[in-house]
Amino acid sequence: MSQISDRYNSQEVEGRIYSWWEESGHFKAQDRSTKPPFCIILPPPNVTGFLHIGHALDHTIQDCLIRWKRMNGFNALWLPGTDHAGIATQSVVEKELKKENLTRQELGREKFLEKVWEWKNQYGDRIYKQMRRLGDSCDWDRSCFTLDEGVSKAVRKVFVSLHKKNLIYRGQRLVNWSGPLETAISDLEVEHRSVKGSLWHIKYPLEDGSGYLVVATTRPETLLGDAAVCVHPEDERYKQLVGKSVILPLLNKKIPIIADVYVDKEFGSGVVKITPAHDFNDYKVGKTHKLEFINILTRQCRMNENTGPYQGLSVQEARKRVLEDLKTQGLLEKEEPHSLSVGHCSRSGAVVEPFLSEQWFVRTEQLSVPAKRVVESGTTKFEPESWTKVYLHWMNIIEDWCISRQLWWGHRIPAWYCQDCGHITVAETDPTECESCQSKSLKQEEDVLDTWFSSALWPFSTMGWPTETESLKTFYPTSMLVTGHDILFFWVARMMMMGLEFMRDIPFRKVYLHGIVRDAQGRKMSKSLGNSVDPVELIEKYGADALRFSFLAHIHSGKDFKFSEQRTEGYRNFMNKIWNATRFAMGNLSDFTTPKNGTKALPNKAHMSIYDQWIIRKLARAEAVIEESLEQNRFSDAASALYSFVWYEFCDWYIEFSKPVLSGTNAEERQATQLVMAQVLNRVMRLLHPFAPFISEELYQKLPIKGEACIVDQYPNPRIDREFLGLATEAAAFEVDVVKEVISAIRNIRGENRISPALKINVRLSPNDGEMQKILGNNRNSIMNMGRIENLDISDEGSEAKCAVTPVIVDTSQVKVIIPLSGLVDIDEEVKRIEKTIEKLIKDITGLSGRLNNENFVKNAAEDVVEADRQSLAQSKIQVESLREALIRLQS
RNA sequence: AGGGAGUUAGCUCAGUUGGUAGAGCGCCACCCUUACAAGGUGGAUGUCGCAGGUUCGAAUCCUGUACUCCCUACCA
């Protein structure tokens, strides 16, 4: 071990360890097991996508949970899978085709799909490979893809079943439409961006020639689809005109003036043009007032045959032409700058048009009822809890779900139109004839399903449903769902509805929603901003463990967080610290014989040092904090308890305390410390494993005390091996506290007086009683070692002239640390140091005595609080007195 | 507009039942003290957004207010 590099080389370790785990079958879960089940289904990433930083966060949390549960004796299943990601994948492949000057239409449906499958086969396992780099311990044998045969069967069955229950229907609705992709897109895929536009005021002449109404609009081209103009029913300016008509400019068509409270009297001119087929609000008005729905766009979002002379123009061109024409005719009153938010297609970047079309919908009213109830009753819990409200709020205003997409890549809707009678046959297996008229002339629906439709079935479709498999029996409902809060509605809510409908049970007991990873400035990471970080690059640079640790140490209650590479670097250093601490231990364990009873082996109590006892005590405390934190999914608390224990207790103090013991002449003491060190490291590696699986496994394998594999060894907690943890005594803890305080006092004097660490100095420790005298004597070696002392005198006799002095008080025991300064440094520095300390103490004393002099405080506050104040007041007073004396002697 | 979250050290954030404010990074000083310079030791830094209230005592509870962010919806 001592020949091993003094730097941890993650790149050398990770691949090797991962392959070994995988070959050993450690990731596999059992369909039948006596162990309790714990199951997480992986939110399926885009099959041809890259692992991005958001996945890395998401996966790290899940893997941490899975590894922790696995080590705790659970039959832990992390079920991986990928999503065909309809629109995303299709548009990527279309872009590729464009490079060859091809369109999907030119290629035809079948050929195009072949291309997409080729693409999928080429890139389909890229993300799985990247997940392995991160250390994801998925049960790979169970991997699913949303277009797999089994999953597809489930999709069809669900569709048919919902259709039969009249929970799926077909209808004409206004949907978000992407022109370039020629498909409806979901609300999720619409990005609202603030755009600087204009508000144009257009004159609509009254039919009777008595003047005109001014209509304000941001979209003048849509006037070609106007079906009415609308005013507020109580608007005195226009009240008398309601029921009359105006002439629609350019098309010279008569349209009615109607009244509706939807109109805001204060905005613009108070008159609104109503374009029912191209605006969501106008759509509603159109429905209430039974207006004509005039579609003015083609599927490519160009002006259609209803727009007369404007036919064939793009929306932008039409707007320009319409404005020009209005101006020529003197109908454009004015143009005002106006900013508004406009929906853009997240895939193509194009402006999204509200577009009237035939689509398939899921009726959500009925499905949402149980999905609400289980959350209200707490059967499924959200973490953080605040999402419960958000979820319920959304469930209350939920609208029917448009599930058809005019794409080719996806699950083609299992509906067949009869060319003869028009009947729609919906069936699980491709029908050969119309179920109504038995005609053989059938044509399958061209549309495919929204990607989220198959995702909604994920918790059970991945386990073999509709077959009643052992997997389903064992693992459904799943234990937990971990995902970003950005897909709460689109995915989580829909899985709830589908799970309850088809499994008659919740899909998961708990939903853990974490935040979104943002860049250092707090912006969402995205390709277009160029601010995204590649997790694989980070893994190559700092190691997977460092990356994982920086996530786990930093996620707090589901809040978004800003990613900084610096932090990852910091945890890389932590991994290196662990590496070197182990390296040190191994260097001192060369003559250590591995005990037969392994982790049950106990050191000889009589020969244990107080440091051994102290570190065991600290370990037990850290284990308790870690366990409690993990139980509550407070990963950062667990991570920081681990970090502090390893660095600030084990490395900073225990290793230093152990040096004199390990290099000392007392063989029995040395053996005891060796065993304690080996035991503590063994537990540290296991504790660390869910957070930093690679380094912990690698080092674990090198330890003299170890099990088969860290990944499947028992996760430590204060109830495991109680005999070992019980070896710590309170007396030892007190003693170590005293020694630490004394050493810190010496170091403080050295540091403040700028005494070089290279220089060994003389120190006198003046104890106030025999007990203290004994403690100091027992720990002579450590104090000299860690205080860098040439001669240590433990005695209450001697001069304090020209000396630096610090009184140390632990409970009621006192010791004065005295360091002669003459010839060493200028005493002015020491004067300053003492004065600064006195000042601080006086401030404390003022505060404390102020409180204690307050009758009400003494009367009302808890007794222990008052007592603690009294004690620290007394201590501070003693310290000040002692320091004042020292100051006088120093200056005399 | 509705819903949610936030405002604490230069930066990123902790702070569980009210009891004299914490961490990491950064900063300053001194050190290659044989596990680790990806390190060691010491040090500095905050009217806890603002204003009230409850209380012996408020970062923490209540009320109001300013600002920021997110989500949903959207002003034609």
Side-chain angles (χ1 to χ4, degrees), chain A residues 1-2 6-8 187 192 199 215-219 222 230 262-264 266-275 279-282 338 340-341 343 384 386-387 389-390 393-394 397 485-486 488-489 515-516 520 522 524 542 546 553-554 556-564 566-567 569-588 632 634 636-637 640 643-644 651-652 655-656 659 744 747-760 785-786 788 836 843-844 847-848 850-851 854-862 864-866 868-869 872:
Chain A
M1 183 83 192
S2 49
D6 60 0
R7 295 215 175 161
Y8 168 54
D187 297 339
H192 290 274
L199 192 58
V215 172
T217 180
T218 55
R219 304 205 48 192
T222 62
C230 187
Y262 145 70
V263 179
D264 178 358
E266 311 303 320
F267 190 88
S269 60
V271 186
V272 186
K273 60 196 272 310
I274 302 295
T275 321
D279 181 282
F280 288 100
N281 282 317
D282 293 5
H338 182 75
L340 66 163
S341 85
S386 57
W387 289 105
K389 254 175 140 177
V390 180
H393 178 249
W394 188 73
I397 58 162
H485 58 63
D486 50 339
L488 174 65
F489 306 142
I516 314 285
K524 211 165 173 169
Y542 303 106
H554 208 65
H556 291 288
S557 59
K559 272 188 255 175
D560 288 359
F561 82 86
K562 298 177 189 165
F563 183 82
S564 109
Q566 243 180 6
R567 200 151 36 214
E569 194 185 336
Y571 291 116
R572 188 270 317 261
N573 296 352
F574 177 54
M575 298 308 148
N576 196 47
K577 188 79 181 172
I578 296 167
W579 179 262
N580 277 297
T582 311
R583 209 162 64 95
F584 168 82
M586 296 308 291
N588 285 284
Q632 296 170 33
R634 296 163 66 115
S636 61
D637 288 351
S640 80
Y643 186 94
S644 307
C651 293
D652 285 354
I655 284 185
E656 294 305 322
K659 282 177 181 171
S744 295
R747 286 170 168 175
N748 174 266
I749 292 170
R750 296 187 65 123
E752 292 279 280
N753 285 296
R754 294 201 194 88
I755 298 171
S756 162
L759 192 67
K760 291 203 170 186
N785 211 34
M786 295 171 76
R788 304 202 54 73
K836 197 170 71 181
K843 219 170 139 190
D844 285 355
L848 285 168
R851 273 203 332 187
N854 181 339
E855 270 176 48
N856 286 321
F857 171 68
V858 180
K859 199 168 63 192
N860 295 320
D864 54 326
V865 173
V866 178
D869 276 5
S872 53

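Within every chain, numbering begins at 1; the chains are lettered A, B, ... in the order of the sequence lines, protein sequences first and strands thereafter.
- Between the CG atom of A:D652 and the P atom of B:A35 there is a distance of 14 Å, given to the nearest Å.
- Distances shown here put a side-chain N or O of A:K562 below 4.0 Å from the OP1 or OP2 atom of B:C13.
- In this entry the distance linking CG of A:D279 with C1' of B:A73 reads 13 Å, nearest Å.
- Summarising the geometry, the separation between CG on A:N573 and C1' on B:G40 is reported as 14 Å, rounded to the nearest angstrom.
- Atom CG in A:N580 sits about 14 Å away from atom P in B:U34, given to the nearest Å.
- Where RNA chain B pairs in unbroken runs of 3 or more (Watson-Crick or G-U, both distances under 3.5 Å), the stems are B:1-7 with B:66-72, B:10-13 with B:22-25, B:27-31 with B:39-43, B:49-53 with B:61-65.
- Scanning for ring pair (Phe, Tyr, Trp, His ring centres under 6.0 Å) contacts around A:F857 gives an empty result, with sequence neighbours left out.
- For the OP1/OP2 pair of B:G4 and a distance below 4.0 Å, the side-chain nitrogens and oxygens of A:K389 include at least one atom meeting the criterion.
- Across the protein-nucleic acid pair, A:H485 atom NE2 and B:U72 atom C1' stand 14 Å apart, rounded to whole Å.
- Among residues two or more places apart in sequence or in another chain, the side-chain contact (heavy atoms from CB on, under 4.5 Å) test is passed with A:V263 by A:C230, A:H232, A:V272.
- Residue contacts shown for A:N748 are limited to sugar-phosphate atoms, with no base heavy atom under 4.0 Å away.
- Atom pair A:R7:CZ and B:G39:P shows a separation of 9 Å (rounding to whole Å applied).
- Checking the phosphate oxygens (OP1, OP2) of B:U55, no side-chain nitrogen or oxygen of A:N856 falls inside 4.0 Å.
- Remark: A:D6 engages A:N580, A:R583 in a side-chain contact (heavy atoms from CB on, under 4.5 Å) (not counting sequence neighbours).
- Side-chain proximity of A:H554 to the nucleotides B:U12, B:C36, B:A76 is greatest for B:U12.
- In this structure A:R851 satisfies the salt bridge (charged side-chain N to carboxylate O under 4.0 Å, His left out) test together with A:D869, sequence neighbours excluded.
- In the set B:A35, B:G19, B:G43, B:G19 carries the atom at the smallest distance from any side-chain atom of A:V865.
- Shown here are the side-chain contact (heavy atoms from CB on, under 4.5 Å) partners of A:A758, two or more places apart in sequence or in another chain: A:S756.
- Contact annotation: A:K577 does not reach the phosphate of B:C36 (side-chain N/O to OP1 or OP2, under 4.0 Å).
- Within the structure, every side-chain polar atom (N or O) of A:N588 is placed at least 4.0 Å from both OP1 and OP2 of B:A35.
- A:F489 comes within 4.0 angstrom of the backbone, heavy atoms only, and of no base.
- For A:K389, there are no side-chain hydrogen bond (donor to acceptor under 3.5 Å, both in side chains) partners two or more places apart in sequence or in a different chain.
- Take A:R634 and apply the side-chain contact (heavy atoms from CB on, under 4.5 Å) test, not counting sequence neighbours, and it matches A:S629, A:Q632, A:D637.
- A:T222 meets the side-chain hydrogen bond (donor to acceptor under 3.5 Å, both in side chains) test with A:K273; sequence neighbours excluded.
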Would you tabulate the nitrogen or oxygen pairs shorter than 3.5 Å linking the protein to nucleotides 26-33 of chain B?
unit_1 : atom_1 : unit_2 : atom_2 : d
B:A29  : O2'    : A:R754 : NE     : 3.0

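- Rounded to whole Å, the distance from CD1 on A:I655 to P on B:U34 is 15 Å.
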Please list, for nucleotides 57-59 of chain B, all pairs of protein and nucleotide N/O atoms separated by less than 3.5 Å.
none

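- In terms of the ring pair (Phe, Tyr, Trp, His ring centres under 6.0 Å) criterion, residue partners of A:F574 (sequence neighbours excluded) are, by chain and number, A:F549, A:Y643.
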